[in-house]
Amino acid sequence: MPSAIICTIRPTPTPYPGDLITTLMTDRHGRLWLGTLGGGIGVLEQPAGPDHPRGVFRRLTMADGLPNDNIGTLLMDGGGRVWASTADGLAVIDPDTWATRSLGRADGVAIPAYWIHSGAALPDGSLIFGGGGGATVVHPDRFKPRTERPPVVVTAVRVAGRAVPTGTMAAPAPIRLAPGDRSVEISFAALDYTAPEDVRYAYTLSGFDENWTEADATQRMAAYTNLPPGRYTLLIKAGDRAGDWSTPVKVSIKVQPAWWQTLWAKLAAVALALAGVVALVQVRTAYLRRRRAVLEEQVARQTRDLLAANERLKDLANRDPLTEIHNRRHFMELAEAALTLARPMGTPAALLMMDIDHFKQVNDTLGHSAGDEVLLAVVARIRALLRKTDVFARLGGEELALFMPDADETTALAVAERLRQAVGDTPYEIEGAGVIAVTVSIGVAAGVPTLPLKELLDRADHGLYAAKRAGRNRVAAGHAKNKGAGGNPQ
């Protein structure tokens, strides 16, 4: 009888984007698509042959428009487009042009993270993707990219610190700066209520600026000081998440000259120059200008140095010096702030406590230098699987913590198991120490955001100890500690 041959392909180097493959599919052109954890999507464009023994893969990542490089499921709709669920929303890809669009909460995708290989095509042509908190049903035949661009309006104008009228949305009021008015500030906003935090802005002052200045949703203001007399036009536009810009709104600005900037004053200066003092004035003026330029450069340089030093000190105060992730103090501040934001909406939150098993033995037998390398490698694997909204920190020694906003207990336990497998499934090759197998124990605490941060920490710590007592290399849910319970397995 003929025998079946089953083989596992593990070429080195790997031709596809990553070794952790989560989902497979073929498109209408017969090309193989691979979804990975951390490596995005790989598409086999050229099968293996004499010139390319491992085949040629096209790689699609966040740089190409994916919302996240952790892929859960790939499905193809009736029109041939490919839909991908990720750890941070959905994406739709045109396999003919490779155009990729990210879909998030503003598009009706309310689930923050989707599970691996949790999706199906339904008989009516719709697609369903499962994730933390439920499922998302997509009707590809109804999907149409948004073509409307949110208009931009002027919300406030201040001249020399004084509020002035802004006019209407269709016709912003002209702005006039009298002599002596040294500053003007124009605040603006796009009328996009679906995802205002994702709107990007850009502005330029025609006749003054050479390029557009970009701003995000937290910096919606254009400010100018000491404008020369003249007429200007401020152009403001808004961009959506797809990279398209709205028609710029125009604001007229007129800076009136002081008396000494008028034509009559200049003629008088010429007359005085003809009286015989022009040479002295020119020499004195040139000297003062050079001196002012030198002083301004010194002030600017010192200001830049001071700002850079402050940024370095701030980063050192908030980061763990070895792993460069958040330290305990900054972790507590960020987690407390996230809970404060979540409480009015009642969204759940989760906290994970992680401890590298038998880490003391690594330090005692291989030395602290090898222990540091192991810790850095474990942190790198964990960071590759996290969302942008997650808060990851080193609390001390080999103890790590992860705060996950908008995550219930089911989601938190699934993420914890994924992290445990990522840390322990593949040994680490440490220079000077060889190959080292490391596992991690994880305690999980989840609940409504009304719980204090200390209660979440205590519950996660209780789950961590339970995981260690049960034999380590496992995940355990922690609940409120009983009085008298304790123990700290190493």
Side-chain angles (χ1 to χ4, degrees), residues 14-25 32-44 57-76 82-93 98 100-105 107 109-120 127-136 138 198 241 325 350 352 354 377-392 400 402-408 410-426 440 442 444 446 475:
T14 305
Y16 35 83
D19 289 332
L20 299 176
I21 298 176
T22 59
T23 182
L24 302 166
M25 64 153 281
L32 175 66
W33 290 57
L34 307 175
T36 71
L37 278 182
I41 298 172
V43 183
L44 182 60
F57 278 82
R58 173 187 288 269
R59 186 180 180 189
L60 301 176
T61 65
M62 295 176 64
D64 303 296
L66 292 180
N68 195 283
D69 287 337
N70 294 324
I71 309 301
T73 306
L74 294 171
L75 296 175
M76 184 173 64
V82 177
W83 296 75
S85 65
T86 75
D88 194 15
L90 298 177
V92 57
I93 307 162
W98 304 110
T100 303
R101 179 175 177 181
S102 174
L103 304 177
R105 186 177 295 273
D107 305 292
V109 181
I111 296 176
Y114 292 89
W115 301 138
I116 294 173
H117 211 12
S118 177
L127 310 176
I128 184 169
F129 298 93
T136 298
V138 178
D198 294 334
R241 290 163 296 128
I325 60 178
L352 278 62
M354 295 171 274
V378 170
V379 168
R381 287 193 185 178
I382 293 175
R383 291 181 72 176
L385 299 178
L386 301 183
R387 305 174 301 176
K388 292 183 291 187
T389 55
D390 296 336
V391 181
F392 186 35
L400 306 172
L402 174 63
F403 182 83
M404 302 172 59
D406 199 19
D408 55 17
T410 301
T411 301
L413 288 171
V415 171
E417 181 60 23
R418 189 188 308 167
L419 296 180
R420 184 195 68 80
Q421 294 177 7
V423 170
D425 283 358
T426 304
V440 65
I442 304 177
V444 179
V475 174

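Owing to the predicted nature of the structure, the values given are computational and were not obtained by experimental measurement.
Heavy atoms only, all atoms of each residue included: Met354 and Val440 are closest at CB-CG2, 4.0 Å. Across all non-hydrogen atoms, the minimal contact from Arg381 to Val423 is NH1-O, 3.3 Å. Across all their heavy atoms, Gly65 and Ser102 have their closest contact at O-CB, 3.4 Å. Counting all heavy atoms, side chain and backbone alike, Leu74 lies closest to Leu34 at CD1-C, 3.9 Å. The two residues Ala416 and Leu352 come nearest to each other via the heavy atoms CB-CD2, 3.6 Å. Across Val109 and Gly89, no two heavy atoms sit closer than the pair CG1-CA, 4.2 Å.
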| message | side chain to side chain contact (heavy atoms under 4.5 Å, CB included) for Trp33 and Ile41? Distances and angles first, verdict last. | response | CA-CA 7 Å; Trp33 290 57; Ile41 298 172; 3.7 Å; yes

| task | Check the pair Val138, Leu90 against side chain to side chain contact (heavy atoms under 4.5 Å, CB included), reporting the backbone distance first and the verdict last. | result | CA-CA 10 Å; Val138 178; Leu90 298 177; 3.9 Å; yes

| query | Between Ile116 and Thr23, does a side chain to side chain contact (heavy atoms under 4.5 Å, CB included) hold up when you go through it step by step? | reply | CA-CA 7 Å; Ile116 294 173; Thr23 182; over 6 Å; no

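Looking at Thr73, its side chain does come within 3.5 Å of a backbone N or O of Ser118 through a donor-acceptor pair. A distance-only check finds a donor-acceptor pair linking the side chain of Asp390 to the backbone of Arg387 [under 3.5 Å]. Checking side-chain atoms of Asp88 against main-chain N and O of Ala113 turns up no donor-acceptor pair under 3.5 Å. Proximity of a side-chain donor or acceptor of Thr36 to a complementary backbone N or O of Leu20 within less than 3.5 Å is not detected.
Residues Ile382 and Leu400 meet the side-chain proximity criterion, which asks for heavy atoms closer than 4.5 Å. Using a 4.5 Å heavy-atom threshold, the side chains of Leu103 and Trp83 count as touching. Counting heavy atoms from C-beta on, the side chains of Val391 and Leu402 never come closer than 4.5 Å. Here the side chains of Thr100 and Val92 are not in contact, with every heavy-atom distance at 4.5 Å or above. When side chains are defined from C-beta on, Ile71 does not count as touching Leu37, because their heavy atoms never get closer than 4.5 Å.
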